[in-house]
There are 2 protein chains.
Amino acid sequence: MPARIEDVAAHAGVSTKTVSRVLNGYASVRAKLRTRIEASIRALNYVPNASARSLAGNRSYLVALLYDNPMAGSSYTMEVIVGVLQACKGTPYNAVLHPFDAADDLAARIDGFVATHRPDALVLVPPHANNAELLQRLDELDIPYSTISSRLRQSRIDVGFDERRAAAEIVEHLVSLGHRRIGHIAGLKGHGARTWRLSGYRDALRKAGIAYDESLVVDGDFAFASGVAGARTLLDRRRPPTAIFAANDDMACGAMREAYERGLAIPGDLSVCGFDGTPVSQLVSPGLTTVHQPCRELGCLAVQNVLQSIRESVVPQQSRVPYRVHLRASTAAPGKP
Amino acid sequence: MPARIEDVAAHAGVSTKTVSRVLNGYASVRAKLRTRIEASIRALNYVPNASARSLAGNRSYLVALLYDNPMAGSSYTMEVIVGVLQACKGTPYNAVLHPFDAADDLAARIDGFVATHRPDALVLVPPHANNAELLQRLDELDIPYSTISSRLRQSRIDVGFDERRAAAEIVEHLVSLGHRRIGHIAGLKGHGARTWRLSGYRDALRKAGIAYDESLVVDGDFAFASGVAGARTLLDRRRPPTAIFAANDDMACGAMREAYERGLAIPGDLSVCGFDGTPVSQLVSPGLTTVHQPCRELGCLAVQNVLQSIRESVVPQQSRVPYRVHLRASTAAPGKP
DNA sequence: TTGAAAGCGCTAACAG
DNA sequence: CTGTTAGCGCTTTCAA
């Protein structure tokens, strides 16, 4: 049977409340006493019981990560999870994962979840991060949350990175290689990611003095197949692009597939670049030029910010984290073998 | 303030204990009463408080998934997590994730984790699933666990699939295409996955009457770079193989990279196949022939089996789940363009 | 088959 | 700065 707080109190010759104070980091304990108690804790190998703590303290020490049911190997979610767990490490908080089907009556179902687990805070990733109804319900329940890459400004705690700037940067790279006809396979309509990346694409063209040609922009849905289809459409144009910027890596792989099927060499006949910096971008041949989305950092910061807002009851602003552009072999000057 | 069990009892005109019985599925409640109580539960929108439940019942309703810190987008872990969460859905159990660095003094650190969270059960994936010291400590703590793909026979609850047979099957496919010189890039020494897949490779050769040629087998470590290096070694042989079977998809991608660098066409000049059926196998061009490891099913079954062992205190045996071979464009008859 | 009372291990008030 | 007392919401004895 593990030691209880009472055992520690007896061992140290103090009351349980004082031990509790030490446990919870209250300043009002004399250094000498604190040291003695900490020694007892170690001596007895004491670890507080999470359930008892939550029940009495009306706190769960739980941070819930709400995400949609991840389709085929969403490394995005996995990476965010890693960041979230990392942020919890060393704190009394723990993470619970909760996949919610996006199609569901989310705002309603959230109540049951909150009632059972009483998470102290939530972290939302897209698309939930953009679900206005859901966020409103959370506000009503008065439970702190932070969103990752929310499109909505109403969310007060949000972490993200400058997707628009990142997209512009990668397209500027294509321009600097000499490309003038640059195709874009856009993301799913309604997603912030689509809008930002498309805007960045246009920013770069504008900056380079290249007229926006809407025949060079096709819709995708972030899935591989839509990248294949998008590339097919673009390459069938009378004057096909010499480079394609896909709004994510999976679609970029789709474009590479279409090029492969047509016998087009990459980057000789066509340059391709993606977005997200998923593991696959390093595994394909040639390696895919992409911009790495700092998922871990986002997950970590989302937790840190929301926990800070609980502690200090000060409302943190939107945070931006840096991204990195990876230049690989899938992009080169047009016509260069 | 959410409803408490007391409120439900009052609403239904029974004692809290009877409500508790219904909640916990005890048979000894008259059907009529049960129905009435269930109605009250719905009416009040009652959900039991997890902390109170754990504290009083000395149960946590938690299943802990122990995995090693996942490197770059381990879709394996993610898929297992999805399966674990799926198995918890609809049960009172919840999952907690716990990444443990493999190098650590695991058996010792597990105590603190168990003391804090009191998980009712654990699920272990490799390499932890093969950590004899860790399993022994869990036995001492008398906490039920199930392993996924454990190499060790001492683990009583284990789920996996027939990796050896699967590997043999994919190599048989290469043989059936006409390949006689088939290279193998093996996994990291000490891993069950290495041993089983290598054995399957040898089984297939034996069955086809092809002599085992140790110059066609090179060591890898499951990472992309080792696939590149392995392929380089194999292709530099005086008589290089016409096909390469890599022990996982990442290394197969490495082999494809090396072929790409040498200007070798796949599958015209070299057939390549992998193992695991990770998302990348569909994204590369040409699509990678591989065998799909049923990670979700494994995670799901691992939870179901261990929970069943708690309920029925009957020791389930090792379970095997089916796998699927995916034939894609990376394999063809030797010399066929 | 059902109910009353006694905790589970901890923290929150309030005193001292 | 420290201790006492009373619960948190549920399940578990044990009795009826």
Side-chain angles (χ1 to χ4, degrees), chain A residues 1-38 40-41 44-62 92-94 112 114-118 120 310, chain B residues 1-38 40-41 44-62 92-94 112 114-118 120 310:
Chain A
M1 216 53 188
R4 294 159 309 155
I5 197 171
E6 191 180 311
D7 303 326
V8 176
H11 184 104
V14 297
S15 76
T16 61
K17 180 57 194 164
T18 306
V19 177
S20 171
R21 280 195 255 267
V22 170
L23 252 30
N24 293 283
Y26 284 78
S28 64
V29 179
R30 261 188 317 192
K32 200 176 155 187
L33 249 193
R34 154 170 276 117
T35 320
R36 196 163 86 217
I37 292 171
E38 282 166 348
S40 298
I41 288 176
L44 298 180
N45 228 309
Y46 170 74
V47 202
N49 177 309
S51 304
R53 237 182 162 179
S54 322
L55 186 57
N58 197 32
R59 259 173 294 151
S60 62
Y61 295 98
L62 248 36
Y93 288 87
N94 268 88
V114 168
T116 322
H117 296 288
R118 317 283 160 111
D120 294 338
I310 293 175
Chain B
M1 218 52 188
R4 294 159 308 155
I5 197 172
E6 191 180 310
D7 304 325
V8 176
H11 183 105
V14 296
S15 77
T16 60
K17 178 57 194 164
T18 306
V19 178
S20 171
R21 281 194 255 266
V22 171
L23 253 29
N24 293 283
Y26 283 78
S28 64
V29 178
R30 263 187 317 193
K32 199 175 155 189
L33 249 192
R34 154 170 275 116
T35 321
R36 196 164 85 218
I37 293 171
E38 282 166 349
S40 298
I41 288 176
L44 298 180
N45 228 308
Y46 170 74
V47 201
N49 177 309
S51 303
R53 232 179 167 181
S54 321
L55 185 57
N58 198 31
R59 258 174 292 151
S60 63
Y61 296 98
L62 248 35
Y93 288 87
N94 267 87
V114 168
T116 321
H117 297 288
R118 318 283 159 111
D120 294 338
I310 293 175

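Chain letters run A, B, ... following the sequence lines, proteins first, then strands; residues in each count from 1.
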Let me spell it out: for each of A:Leu55 and B:Ser15, pick the nucleotide of DNA chain C with the closest heavy atom. Which residue's pick is nearer the 5' end? B:Ser15

D:dT2, OP1 or OP2 - any side-chain N/O from A:Thr18 closer than 4.0 Å?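 Answer no for this pair, as no side-chain N or O of A:Thr18 is under 4.0 Å from OP1 or OP2.
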
A:Tyr93: partners by ring pair (Phe, Tyr, Trp, His ring centres under 6.0 Å), with sequence neighbours left out: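 Here the qualifying residues are A:Tyr61.
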
Could you pull out all residues at least two apart from A:Thr35 that satisfy side-chain contact (heavy atoms from CB on, under 4.5 Å)?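 Checked A:Thr35 against side-chain contact (heavy atoms from CB on, under 4.5 Å); zero matches.
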
Can you list everything that forms a side-chain contact (heavy atoms from CB on, under 4.5 Å) with A:Leu55? Sequence neighbours excluded, please. B:Ser51, B:Ala52, B:Leu55

Interatomic distance where CD1 belongs to B:Ile37 and C1' belongs to C:dG3 [whole Å]: 12 Å

Please report the distance, rounded to the nearest Å, between CG in A:Asp7 and P in C:dG9.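 Taking CG of A:Asp7 and P of C:dG9, I get 9 Å after rounding.
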
So, using salt bridge (charged side-chain N to carboxylate O under 4.0 Å, His left out) as the criterion, who are the partners of A:Asp7 when residues are at least two apart? A:Arg4

Between B:Arg36 and B:Ala12 (side chain of the first, backbone of the second, donor and acceptor by atom type, cut-off under 3.5 Å), is there such a pair?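 Here the side-chain-to-backbone pair exists.
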
Polar atom pairs (N or O), protein with nucleotides 10-13 of chain D, under 3.5 Å:
from: D:dC10; atom 1: OP1; to: B:Tyr46; atom 2: OH; distance (Å): 2.5
from: D:dC10; atom 1: OP1; to: B:Asn49; atom 2: N; distance (Å): 3.3
from: D:dC10; atom 1: OP2; to: B:Ile5; atom 2: N; distance (Å): 2.4
from: D:dT11; atom 1: OP1; to: B:Asn24; atom 2: ND2; distance (Å): 3.0
from: D:dT11; atom 1: OP1; to: B:Arg53; atom 2: NE; distance (Å): 3.1
from: D:dT11; atom 1: OP2; to: B:Ser20; atom 2: OG; distance (Å): 2.8
from: D:dT12; atom 1: OP1; to: B:Arg59; atom 2: NH2; distance (Å): 3.0

Just to verify, what does A:His117 make a side-chain hydrogen bond (donor to acceptor under 3.5 Å, both in side chains) with, not counting sequence neighbours? B:Asn94

